[in-house]
Amino acid sequence: MEKFRFLTSGESHGECLTAIIEGIPSGFEINPDFINTELKRRQSGYGRGARMDIECDTVEIKSGVRFGKTMGSPVTLVIKNKDYQNWQKVMSIKPEDFTEEKSFSTCRPGHADFAGSVKYKTQDLRNILERSSARQTAVEVAVGAVAKQILNRFNIKCSSKILQIGKVTENFENEIDRVKAQGDTIGGKFEVVYENLPVGLGSHVHWDKKLDGKIAQAVMSIPAIKVVEIGENPLGYAGSEYHDEMFVENGKVIHKTNRAGGLEGGMTNGEPLVVKAVMKPIPTLIKPLNSADIKTMTNSEAHFERSDTCAVEACTVVAEARIACVLVDEILLKYGGDYAEDIIIP
Ligand code: EPS
């Protein structure tokens, strides 16, 4: 992202999560209540774990907003980890506080533990878990909630729904209960839709400017995502069945179907943007899988810490947020502007 950029920091059991957003023009209304509503959405959903009973994610806006509006300067967001009070010793920055409490060396298959331990040369997998945990997505949702408030000015609206949990397309809660009773976890498929986008966001001229590619990267890099689709999966369709025919109605070009999911040639085509994604089952399992202990180099059972049975609902909120950030960036790239009124979408 070139115009709307952000960096995040923070560990799952550290003091707080932080984001600095750069590139927001002045004059956009930012309401922290809306950010907190989004944070609550991420925390809820059937199948979440015990950590969500501890946290009550609330944003603190530390810079860049004055009297309810952006100032053009970087916006800093902070979310405190309530659980930090139970982890202060384990997460201390002081060398004299060294402890092996909560350290572990048996990798969780499917998580970042093994590759992270080799890459960052540590036998204490706590150092990898802390940043690879999906806890990080809380502050990303806060950033996305800022982006959504920018999109709101242009009447660009978002919705999402769960399509599938495991193999089940209805009665999601029953399926989550069934899996939970077995000490297991389950993934699923969801859909995010953005409506009222102008035609021509993105570009066909270079691979790295194509909006489908940018969205795929933004969604694919959410923890546990393995598949991203735009519109209908074309497998099995003939060309005549798949492509959305065009018509002119009331002097406007329209599509009566939207199998392309609102993107043609890497650009928005005026139809709703439809993004679907598949989340794998969370890899932190109560009933551990066979794994390797990288300290003793012996076969061992994977590390278990409390976990969610299913976080697909939370993941839809994270995907909404990631896509919102990409869309704001595209709008700023196409229409420019240093203050809100300066940005006019024809
Ligand atoms: C999460 C917080 C984490 C996990 C979960 C997501 O908290 P804790 O590790 O203290 O239980 O509940 O992350 C994972 C299960 C994972 O594998 O990354 C959150 O805030 O969403």
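Numbering of ligands and ligand atoms starts at 1, following listing order. No hydrogens, no waters, no symmetry mates; every other heavy atom, side chains included, goes into these values.
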Listed once per pair and sorted, the ring-ring contact (aromatic ring centres under 6.0 Å, His included) pairs that draw on residues 269-311, sequence neighbours left out:
F104-H303
Under a 4.5 Å cut-off applied to non-hydrogen side-chain atoms, are W87 and E130 in contact?
yes
Say whether, by atom type as modelled, one donor and one acceptor occur between the side chain of E271 and the main chain of H255 under 3.5 angstrom.
yes
Could you pull out every donor-acceptor pair under 3.5 Å between side chains of residues 314-333 and any protein atom, sequence neighbours left out?
residue : atom : partner : partner atom : Å
T316    : OG1  : E313    : O            : 2.5
E320    : OE1  : R41     : NH1          : 2.9
E320    : OE1  : K148    : NZ           : 2.5
E320    : OE2  : R41     : NH2          : 2.9
E320    : OE2  : S160    : OG           : 2.5
R322    : NE   : E140    : OE1          : 3.0
R322    : NH1  : A218    : O            : 2.8
R322    : NH1  : S221    : OG           : 2.8
R322    : NH2  : E140    : OE1          : 2.9
R322    : NH2  : E140    : OE2          : 3.3
D329    : OD1  : E2      : N            : 3.3
D329    : OD1  : K3      : N            : 2.7
D329    : OD1  : F4      : N            : 2.9
D329    : OD2  : E2      : N            : 3.2
E330    : OE1  : G202    : N            : 3.1
E330    : OE2  : K214    : NZ           : 2.7

Give me the pairs of N or O atoms, one from ligand 1 and one from the protein, that sit under 3.5 Å apart.
residue  : atom   : partner : partner atom : Å
ligand 1 : 7 (O)  : R51     : NH1          : 3.2
ligand 1 : 10 (O) : H13     : NE2          : 2.6
ligand 1 : 10 (O) : R51     : NH1          : 2.8
ligand 1 : 10 (O) : R306    : NE           : 3.3
ligand 1 : 10 (O) : R306    : NH2          : 2.8
ligand 1 : 11 (O) : R306    : NE           : 2.9
ligand 1 : 17 (O) : H111    : NE2          : 2.9
ligand 1 : 17 (O) : T284    : OG1          : 3.4
ligand 1 : 18 (O) : H111    : NE2          : 3.4
ligand 1 : 18 (O) : A134    : N            : 2.9
ligand 1 : 20 (O) : R42     : NH2          : 2.8
ligand 1 : 20 (O) : R135    : NH1          : 3.1
ligand 1 : 21 (O) : R42     : NH1          : 2.7
ligand 1 : 21 (O) : R42     : NH2          : 3.3
ligand 1 : 21 (O) : R48     : NH2          : 3.2

Working to the nearest 0.5 Å, report the span between SG of C107 and CG of D293.
8.0 Å
Sorted by first residue and then second, give each salt bridge (Lys or Arg N to Asp or Glu O under 4.0 Å) pair with at least one member in residues 63-86; sequence neighbours left out.
R51-D83, E60-K80, D83-R306
